[in-house]
Each structure stands twice: as structure tokens, then as C-alpha cells.
Number of protein chains: 2
Amino acid sequence: MNSITTFEEHLDKYHGKQGTESRVKFDTKSLAFRLGVMLQEARKEANLTQEELAIKTGTKKSYISRIENGKSDIQLSTFYKLIEFGLGKPLNISIG
Amino acid sequence: MNSITTFEEHLDKYHGKQGTESRVKFDTKSLAFRLGVMLQEARKEANLTQEELAIKTGTKKSYISRIENGKSDIQLSTFYKLIEFGLGKPLNISIG
DNA sequence: TGTAAGGTTAACTAATTAGTGAATTTCATT
DNA sequence: AATGAAATTCACTAATTAGTTAACCTTACA
């Protein structure tokens, strides 16, 4: 799967069509979407299924799916938990 | 203020003393704390008060204070909003 | 020392995520 | 095309953040 193509589809869907949406809400959705793609790519690189990742992090595959599809604006700790505990990779966050 | 020193104090407080806390919960608190310090440092670099940042992002100074002190496990979009809209700086997130 | 600005804390409501089970759909493989 | 594994969606509750007000501390400095 190509992240960029899918992200463009997302832009069309939210920016193009439902034009009354605020910039902040739009950006929030974009962010959730991008992070979802990042998680999915990292999970596949680690050769885990959604269910395996869910078990390792004490949650359910349905929830992982929701996150990977950018369906919710998750908490920082949730993302951290999935990346660090579930995939054993460091999550890097910096400003500027 | 030195981030590392303060973070060590945090380690002492949560890791040393209240030892029954789960690793995940502990890490969540550390994360919130570290991000709070990052935000505060970036805000000061931008020469803004908590109140000014609050106004720019449509919230209140009391909420900014809570975040800077790592008192809550905020959502990704909240952190993003403060950094990108409030401070005009990019928020970088990556895995690995 | 008084004052004001900046920052912290407490308390509360409303909105949203976290977490779950079950049904459904997609996808790869034979 | 049939099968089974993997992923998605829906519906729901409980827990937590987002957002706010007001009171209270701290710090700088006139």
C-alpha cells in the first residue's frame, strides 16, 4: 500500500468535499490518519497481525483497526503503548 | 530549568516510591511529563505566556498549565494544536 | 511591602476515547 | 469457488480528557 496515494484520497474526501469543516478539525483528522498509516506500516514491518499486536498491548483487534484507519483521535499514551510495548520500537516526538 | 534533573525527580517520585504502579502507567506519566517540559520550553522560546498560548489555541491558561506539568494524558490532536497552531512550530513524530 | 502578571490547583460538566463482543467483509490460498 | 485468517464496522458502557470558572500561589519589581 502506498501511504501518499491513500493520504491524497483523504485530502479529497475531507478538504475537497465537505468544505465547511474547520482547519483544526481537518488537521486533527489528517494527523490521526497519518499516525494510523505509520502504525500499520510499522506493524507490518514487525510481522504482526492486528490481533497479535492487540494481545501484546492488552487490547482488542477491533480497536487496533480503528486506530490504523484514523477513526479516532487517540491519546499520546495509547500510541506510545502500541509502538513501544507492542512493536518494541522507539516513538520519537520532537518540536521544530 | 534543566529538563533532565526535573525528570529524575519524577523518576524518583513514581518509580522509587510508589512501587506497585504498572510499567505502562508509569511510562504514561513519564511521557506526559516529558511532553509537558517540551511544550513549556518551546513556549518560552516563542516568548509567549500560558495565557497568550491559550488564547491563540482557543483554550484557557489553566489547561495549558495542567499540560505543561504533565497532569493529564492528552490527545495527540491537543498536543499538535498547541505546537502547530499555538507556537507555529512543526511537531515531528516518527517510529524507530 | 503592595501590586500585578504569570502560573497552579480544585471542582465541575460535556464530550470523547478506551475497551469490548459480535457480526460482517476482505483477502489470500488452495 | 470455498475456506479460513485477517481486518473492518457497529453498538454499547465506563473511564478519561477537554474545557471552563474561580480561587489561590509565586514571582518581579516599582
Side-chain angles (χ1 to χ4, degrees), chain A residues 1-3 6 9-10 13 21-22 24-29 31-33 35-87, chain B residues 1 6 9-10 13 21-22 24-29 31-33 35-87:
Chain A
M1 195 230 273
N2 184 332
S3 315
T6 318
E9 285 165 19
H10 179 74
K13 189 172 174 193
E21 192 164 39
S22 79
V24 173
K25 268 194 182 153
F26 168 69
D27 276 16
T28 294
K29 283 182 184 169
L31 179 67
F33 189 86
L35 293 171
V37 170
M38 280 176 49
L39 174 62
Q40 186 173 71
E41 285 173 351
R43 174 177 64 78
K44 286 181 174 169
E45 235 177 79
N47 266 91
L48 289 174
T49 65
Q50 288 183 343
E51 189 159 31
E52 287 166 336
L53 175 57
I55 290 167
K56 285 185 83 172
T57 52
T59 183
K60 298 288 182 276
K61 63 178 179 167
S62 56
Y63 186 49
I64 303 291
S65 173
R66 251 158 51 190
I67 293 171
E68 287 189 357
N69 288 287
K71 297 266 162 78
S72 84
D73 176 20
I74 62 174
Q75 286 173 13
L76 280 157
S77 66
T78 301
F79 200 64
Y80 179 84
K81 186 174 68 177
L82 294 173
I83 303 300
E84 299 251 351
F85 286 84
L87 303 181
Chain B
M1 194 230 274
T6 318
E9 286 165 17
H10 180 73
K13 186 170 175 194
E21 192 165 39
S22 79
V24 173
K25 268 192 184 154
F26 168 69
D27 275 17
T28 294
K29 282 183 186 168
L31 179 66
F33 190 86
L35 293 171
V37 171
M38 280 176 49
L39 173 62
Q40 186 173 72
E41 285 174 350
R43 174 177 63 79
K44 287 182 173 168
E45 237 178 77
N47 266 90
L48 290 175
T49 65
Q50 288 183 343
E51 189 158 31
E52 287 166 336
L53 176 57
I55 290 167
K56 286 185 83 171
T57 53
T59 182
K60 299 288 182 275
K61 63 176 181 171
S62 56
Y63 186 49
I64 304 291
S65 173
R66 250 156 54 190
I67 293 171
E68 287 189 357
N69 288 286
K71 297 264 162 78
S72 85
D73 176 21
I74 62 175
Q75 287 174 11
L76 280 157
S77 66
T78 300
F79 200 65
Y80 178 85
K81 186 174 69 179
L82 294 173
I83 303 301
E84 299 251 351
F85 285 84
L87 304 181

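Worth saying up front: this structure is predicted, and the values here are computed from it rather than measured. Each chain gets a letter, A, B and so on, in the order its sequence line appears, and its residues count up from 1.
Contact annotation: B:Asn69 side-chain N/O to C:dT8 OP1/OP2 distance is under 4.0 Å. Taking 4.0 angstrom as the limit, A:Ser65 places a side-chain polar atom (N or O) nearer than this to OP1 or OP2 of D:dT8.
Going from atom NZ of B:Lys81 over to atom P of D:dT17 covers 15 Å, rounded to whole Å. We find that NZ of B:Lys56 is positioned 20 Å from C1' of D:dG19, with the value rounded to whole Å. Note: CD1 (A:Ile64) to P (C:dT17) measures 16 Å, nearest angstrom. Per the geometry, CG belonging to A:Leu39 stands 15 Å off C1' belonging to D:dT8, to the nearest Å. Rounded to a whole Å, the CD1 atom of A:Ile67 is 15 Å from the C1' atom of D:dT9.
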Atom pairs under 3.5 Å, N or O on each side, protein against nucleotides 21-30 of chain C: can you list them with distances?
residue, atom, partner, partner atom, Å
C:dG21, O6, A:Ser62, OG, 3.0

Could you go through nucleotides 13-15 of chain C and list every protein N or O atom that sits under 3.5 Å from one of its N or O atoms, giving the distance for each pair?
none

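Contact annotation: the side chain of B:Leu39 approaches that of B:Leu53 to within less than 4.5 Å [non-hydrogen atoms, C-beta and beyond]. Residues B:Tyr80 and A:Asp73 form no side-chain contact, since every pair of their non-hydrogen atoms from C-beta on lies 4.5 Å or further apart.
Contact record, B:Ala32 with B:Ser72: CB-O, 3.8 Å, taken as the closest heavy-atom pair.
Taking CG from A:Leu82 and CD1 from A:Ile64, the interatomic distance works out to 4.5 Å, rounded to the nearest 0.5 Å. Rounded to the nearest 0.5 angstrom, A:Ser65 OG and A:Gln40 CD are separated by 8.5 Å. Here the NZ atom belonging to B:Lys44 is positioned 12.5 Å from the CG atom belonging to B:Leu48, to the nearest 0.5 angstrom. Going from atom CD of A:Gln75 over to atom OG of B:Ser77 covers 10.0 Å, rounded to the nearest 0.5 Å. Annotation: the span from B:Glu68 atom CD to B:Glu41 atom CD amounts to 10.0 Å, rounded to 0.5 Å. Going from atom CZ of A:Phe79 over to atom CD of A:Glu84 covers 10.5 Å, rounded to the nearest 0.5 Å.
Residues from residues 71-78 of chain A that place a heavy atom under 4.0 Å from any atom of DNA chain D, listed by number: A:Lys71, A:Gln75. Residues of residues 45-55 of chain A that place a heavy atom closer than 4.0 Å to DNA chain D, in numerical order, are A:Thr49, A:Gln50.
B:Lys56 places a side-chain N or O within 3.5 Å of a backbone atom of B:Gly86 that can act as its donor or acceptor partner. In terms of modelled atom types and a separation under 3.5 Å, the side chain of A:Arg66 and the main chain of A:Lys71 share no donor-acceptor contact.
Residues satisfying the side-chain contact (heavy atoms from CB on, under 4.5 Å) criterion with B:Glu45, sequence neighbours excluded, are B:Lys89.
Rounded to 10 degrees, the angle between the two end axes of the helix from C:dT1-D:dA30 to C:dT30-D:dA1 is 50°, with five pairs used at each end.
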